[in-house]
Amino acid sequence: MASVTGTSISMASFKASLAPSSRISNLKSVSFPISGKSFTTLRMQPAHFRISCAAKPETVTKVCEIVKKQLALPDDSAVTGESKFAALGADSLDTVEIVMGLEEEFGISVEEDSAQSIATVQDAADLIEKLIEKKGA
């Protein structure tokens with residue numbers, strides 16, 4: 001199943017149902033999950049095809065550890081990339097403290113508008129990867 005909105009396409013489950021001659025014009029981004037793993041954005045640029053995948057598993061694991069520590073969750077608590085901070089009992093102050101912990105651990109600085117867009121562990125890990133990439137460039 002695929003859905004198209006404006007100039008983007010989102011695939012809930014990928015099937016090779018598009019004929020080789022099928023064309024999609026003005027495509028600027030594609031998002032789809034594969035077997036529970038998020039490959040969040042495929043971006044088209046003139047004469048370029050850029051793939052931005054989800055954060056490295058080790059980054060997600062480290063974010064899970066920091067979230068557990070910050071929220072004083074038991075070691076056996078199930079925290080995954082899909083875990084929402086609110087569902088783990090975090091309020092807005094907890095989220096700010098989590099972001100501060102992430103900044104310290106990864107040596108990054110998260111802008112306030114970016115911090116407000118973080119709702120899940122995966123969101124945080126993806127943002128960290130993006131900021132580390134920018135920092136290294």
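These numbers come from the heavy atoms of this one structure, side chains and all, not from hydrogens, waters or symmetry mates. Counting begins at 1 with the first residue of the sequence. Please read these numbers as outputs of a predicted model, since none were measured by experiment.
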message = Could you check whether any side-chain N or O of K135 sits under 3.5 Å from a backbone N or O of G107, counting only pairs where one atom can act as donor and the other as acceptor?
response = yes

ask   = Measuring from D123:CG to K84:NZ, what's the distance to the nearest 0.5 Å?
value = 9.5 Å

note = What one should report as the nearest heavy-atom pair of A55 and E129 is CB-CG, 3.3 Å

note = Closest non-hydrogen atoms of T95 and A90, given as atom of the first, atom of the second and distance, are OG1-CB, 4.2 Å

query = At their closest point, which heavy atom of F85 faces which heavy atom of T120, and how far apart are they?
reply = CZ-O, 3.9 Å

remark   = Heavy-atom nearest pair, S109 first then L131, reads O-CD1, 3.8 Å

inquiry  = Can you confirm whether more than 12 heavy atoms, excluding those of E104, are under 6.0 Å from its CD atom?
reply    = no

remark   = What one should report as the nearest heavy-atom pair of G81 and C64 is N-SG, 4.5 Å

inquiry  = Tell me whether K68 is salt-bridged to E65, with the criterion being a basic N under 4.0 Å from an acidic carboxylate O.
reply    = no

query = Of the options I98, D126, V99, which is the one that meets I118 in a side chain to side chain contact (heavy atoms under 4.5 Å, CB included)?
reply = V99

ask   = Rounded to the nearest 0.5 Å, what separation is found between the CD atom of E105 and the NZ atom of K69?
value = 8.5 Å

message = Among T61, L71, V121, I66, exactly one meets side chain to side chain contact (heavy atoms under 4.5 Å, CB included) together with V79. Which residue is that?
response = V121

key: Atom pair CG/CD of L127 and Q122 - distance to nearest 0.5 Å   = 11.5 Å

inquiry  = Can you tell me how far apart CG (L102) and CD1 (I108) are? Round to the nearest 0.5 Å.
reply    = 6.5 Å

ask   = Any side-chain heavy-atom pair from E58 and K62 closer than 4.5 angstrom?
value = no

request  = Work out which heavy atom in Q70 is nearest to a heavy atom in D94; give both atom names and the distance.
outcome  = CG-O, 4.4 Å

task = Taking the side chain as every heavy atom from C-beta outward, state whether T80 and S83 have any pair of such atoms under 4.5 Å apart.
result = yes

